[in-house]
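Encoded as structure tokens, the structure appears first; notes follow it.
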Amino acid sequence: MQPENAILQSTAESFVGLGEVVKSASALESLDDIDRGQVQQHFPNQLQGQSVQNHCQVFVEKKMNLTLTPISSAREGGAVTTNNNTINRSARSNAFVAVAEGRDQSKGSFAVAVMHLRSLQIELCQFVDSAEFTRLKARIQVADPQEIILAESCNEKGSSTVLADALRTHFNWANLSLVHRRYFNAAQGVQLIEHLGNKEVSHLNSSVFEKDLCMSACAALLKFVEHIQNVCFYAHSLQINYCPIEDCCIMDIGSWQNLELMEQSKNKPSLLSLINFTLTSNGFRMLRSNVLQPCANEASIRQRREAVTDLVQDQHLFEKLRQLLSRMHDLDGLLTVYVQTPKETTVQTAENLIKQLLRLYQTLSMVQSLHNILKEAELDSQLLKDKRESLADPRLTQIIDLLEEHIDPCVLKAAKKNSIALRNQKCYAIKNKISVKLDLARRTYEELLNDIRENFSSKDNVRIAFSISRGFHFVWVCRDPLRAILPPIFIREVRNRASITFTSRNMIRYNDRVEQAVAEVMIATNVIALDILEQIRPLVACLYRAMDTISTIDFVCSLAMYSVSAETVCPITGNQIVIQKGCHPLLNLKSSREVVANDTYLTVDARFAIITGPNMTGKSTYLKQVCQLCILSQIGCFIPAEFAIIPGSKFAFYVSIIITSNSIVNLYYKRQRNLLKFACKLPYSIISCDSSFISLNSRIICKQGNKFPLPVLRQIFSRIGHNDCLEKNQSAFAVEMTEMASILQYADEQSLVVIDELARSTSVEEGIGMSYAISESLLKKKCFVFLATHFLDLTSLGATHLAVENFHFETAWKDKDNGDEDCTHTLMKGPYKGPVYGFELADLSTFPVKLLDRAKEMAERLKQEGEKNRKTANDVVRQRAILRTAHRLRELYISKKKGEMSSILHSAQALRNDLAETLEELDAE
Ligand SMILES: Nc1ncnc2c1ncn2[C@@H]1O[C@H](COP(=O)(O)OP(=O)(O)OP(=O)(O)O)[C@@H](O)[C@H]1O
């Protein structure tokens, strides 16, 4: 016999009582039967071995007359691949979405009802969408659902089939369930919302109940969730909110990828990953939905900025909040047990209930600490003050008192967190002497544990271990587990690298008895827990509020964390996009080179920026930078810049400011002392960074305030990248034009549009023609546009349209022979005149020299022909000066009122003189 076997044999023999256990096996079997019978009475599902999920699925399939595809492993989250991109899905996502599509007169309208299964919050929205379902897809993607519920279309060729196909292709990780149209019943939706919604925490006004599509989507969602989860919701227990689409800045899914907002692959940084310092799953959810659909509610943005400012300024408060949040349980998981009741009770549901009560106890004591921290802090932010107020809710103390009465706090202090410790925590959670039945059940459980301890005490290398799947079992740590031989008394061996785990029939019998004892304990515990729950249920609104407070604080802490971790500034809201020394937030993560900061300048009048420049100078990067900074700003975050004005002012004052050291504005100002005169005269605002001038100019400008509509960005469109679409059988150009058509249809005065290299996938003439036409159309729509292009002819738009501003990236090639290039990545005012350095870049590659020479020759010839027709720079400036004067005269004419004619004539005179002066200066030059 091998030495190990000898040890094992002796260990096995030395287990006191082993023989007795074997002898009493038959007795145990009969005992087993009795116990099983008892347990089965209380927990009918427990011993049937059928999971609740399977049971529900069969049930729903029968009830709803539909076929559900199996709940896929993709539901667990992780990286999943969609059509042509990989999106890293959060494992924390847990949402069901119902989509209702309008028919007949309301065709083109959609309603989406989203239920987050953990937090049990329902979000409703209704909107009109394009034929490509852009908004719908974005809305669903933000929810990141497990399950999408859609009405089954009777007509095979109906639009619902088109919608179903679109959703199936786009959200291929989610389970698409087509349910009968009768479940999309608006009247039932109203009834359900009135019955289940908690009025205190739900934001629903009467007009929402009139939105039939919304109501029908909500009805289908609630019915489906109740069936699939096999639960019933308590009356007045759900938080149901209507989220108007106007409160969000809309972007399509393509833009999320183009603008690097969310992770596309593991090692590629994204804006979301950059600013994600959240510590709770609800905080993360809030951050994610804000990055993908930034806030467009000016008051909320301002409140968040104030909160972030408070946290950035009070580092002590910030640290304390984060420390507390890191220890906090998510309240959303807890809410499920207070809001829904399982249709069947099992040991698992009982265990879950007591686990959630313990967590609630822990979390609420931390909520008290959170309240104390906020009470001690000197807060300016209204948002934080409101949250502090919500934590002072006396109902929270009432719940804590109730829990303290029943729960033994000692179980939460257990040092060990292994399986048996966690099980014991649940078994002993309720204080002694509250229920006789519970005390008796626990005694039986204790006795059994003692028996095991005495009968199977560990010896030498063999010890007793416990796991949820195997129960009590043996672990033998030996030198050669693969070759070691076990005596036949031991069964179910699993050989690992350093040990063998196994059990024996006697141990299995003990385990069975332990399980029954635990079940008894849980039955008794469950009765008390349900009683506690019954008392908490009427107070559930304060838990929703506490959950909202925790996630909001986590969210603003995350923004504050990013704001302090980088050199950032709090943006001012205005009616323009002015950023001084703005940096691309992700650039220093992607490249080791020093990041060059650049200015951005777009006003309501000068709202179309054409950006030209050689290859590799940073045009695309700049477009993404502008969007990312605007998004950060609209989330409520600080932005990496020295100074910024971002759209978002309710009162669209002219904020006229001066840039002292920037090439962009140098064109406008010749002498500092003319500055004020200039600011008064110009019909549009001038950028500035000189704080000494801000108040002075703001005063002057307020006189002309309220001139433009609220310009908070409501839509961001991007057209970046050139990919064909094989699924739709579309070429790169076709894809581009489809996307542009959608932009042209929906862009408005509150949209930001960034376009990179428009129409480059067709011939130059056609490309330029298309670009002209598209630009002119966008100019009419008055949206903010950044257009990066290699078509230098496009810059002449500046001569005919005052709203067009030309900017370019300059470059310097240090040592062309060695291929040592040095792009300054600096944006300058004015159009780029070439060269594009395409030949130099080709020269650096393995491009054939002969071909390159021929290309250069052709390019030179075309250039000379073009030069003949091109206007001089002086002509352009002259034309713009005339245009500007005409524009101002028009403004004067529009603003004319009775009795003010003399002052208008005076201003017109001044304008004429100003123009004459400018033209003279140009002639002199
Ligand atoms: N502001 C900046 N600071 C530092 N590096 C930058 C900056 N902008 C761009 N770059 C770097 O320059 C490289 C080229 O940038 P980008 O692709 O934006 O140029 P581009 O002008 O759009 O080129 P092309 O015209 O060839 O498409 C990027 O890899 C980026 O790392």
Side-chain angles (χ1 to χ4, degrees), residues 255 257-260 264 267-271 274 566-568 579-601 609-630 632 639-642 644 662-664 718-723 732 736 753-761 764 767-768 771 785-795 806-814 819-845 847 855 859:
S255 294
Q257 281 142 29
N258 292 341
L259 302 175
E260 297 164 349
Q264 290 167 41
N267 299 325
K268 227 177 157 196
S270 69
L271 193 66
L274 180 78
E567 284 184 21
T568 54
I579 300 166
Q580 192 202 8
K581 293 205 183 298
C583 291
H584 189 297
L586 302 172
L587 207 54
N588 52 6
L589 300 180
K590 288 204 260 179
S591 119
S592 53
R593 296 186 65 179
E594 201 184 320
V595 177
V596 178
N598 273 308
D599 299 330
T600 305
Y601 155 61
I610 298 182
I611 296 156
T612 41
N615 291 105
M616 291 294 284
T617 45
K619 297 183 292 301
S620 313
T621 308
Y622 181 73
L623 298 189
K624 290 178 193 169
Q625 170 185 318
V626 174
C627 289
Q628 289 189 359
L629 296 190
C630 287
L632 278 180
I639 63 171
E642 276 188 6
N662 195 306
S663 51
I664 294 173
S718 72
R719 167 88 274 292
I720 298 173
H722 292 261
N723 295 322
E736 189 180 11
V753 182
V754 294
I755 305 169
D756 195 13
E757 299 194 26
L758 185 58
R760 76 159 183 202
S761 334
V764 178
I768 294 176
S771 303
V785 182
F786 287 87
L787 174 86
T789 183
H790 284 297
F791 297 142
L792 300 185
D793 300 67
L794 263 191
T795 58
N806 275 300
F807 300 97
H808 71 271
F809 276 99
E810 56 164 26
T811 192
W813 290 73
K814 255 190 203 162
D820 189 5
E821 83 214 67
D822 181 21
C823 300
T824 61
H825 301 300
T826 309
L827 187 70
M828 303 297 288
K829 174 93 178 132
Y832 186 65
K833 297 190 182 64
V836 182
Y837 291 106
F839 289 142
E840 278 76 358
L841 280 177
D843 211 0
L844 295 177
S845 68
F847 197 79

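Counting starts at 1 for both ligands and their atoms, following the listed order.
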Considering V596, T789, T621, I611 one by one, which has a heavy atom nearer to atom 30 (C) of ligand 1 than any of the others?
T621

Applying a strict 4.0 Å limit to heavy atoms, is E757 in contact with ligand 1?
yes

Among side-chain atoms of D756 and S620, is any donor-acceptor pair under 3.5 angstrom?
yes

Can you name the ring-ring contact (aromatic ring centres under 6.0 Å, His included) partners of Y622, sequence neighbours left out?
F809

Test item, Q625 contacting ligand 1 (heavy atom, 4.0 angstrom):
no

Counting each atom of ligand 1 from 1 as listed, which ones have a heavy atom of V595 under 4.0 Å away?
3 (N), 4 (C)

Could I get the full list of side-chain contact (heavy atoms from CB on, under 4.5 Å) partners for H825, not counting sequence neighbours?
R593, V596, C823

Are L629 and Q625 side-chain neighbours, meaning at least one heavy-atom pair lies under 4.5 Å?
yes

Within ligand 1, which atoms have a heavy atom of S620 less than 4.0 Å away?
18 (O), 22 (O)

Any idea which heavy atoms bring Q628 and P585 closest together, and the distance?
OE1-CD, 3.2 Å

Check whether any heavy atom of H790 sits under 4.0 Å from an atom of ligand 1.
yes

Part of D756 within contact of ligand 1 (heavy atoms, under 4.0 Å):
neither

Spacing of K624 atom NZ and L271 atom CG [to the nearest 0.5 Å]
12.5 Å

Suppose I only count heavy atoms of E594 and a 4.0 Å limit; which atoms of ligand 1 are within that range?
3 (N), 4 (C)

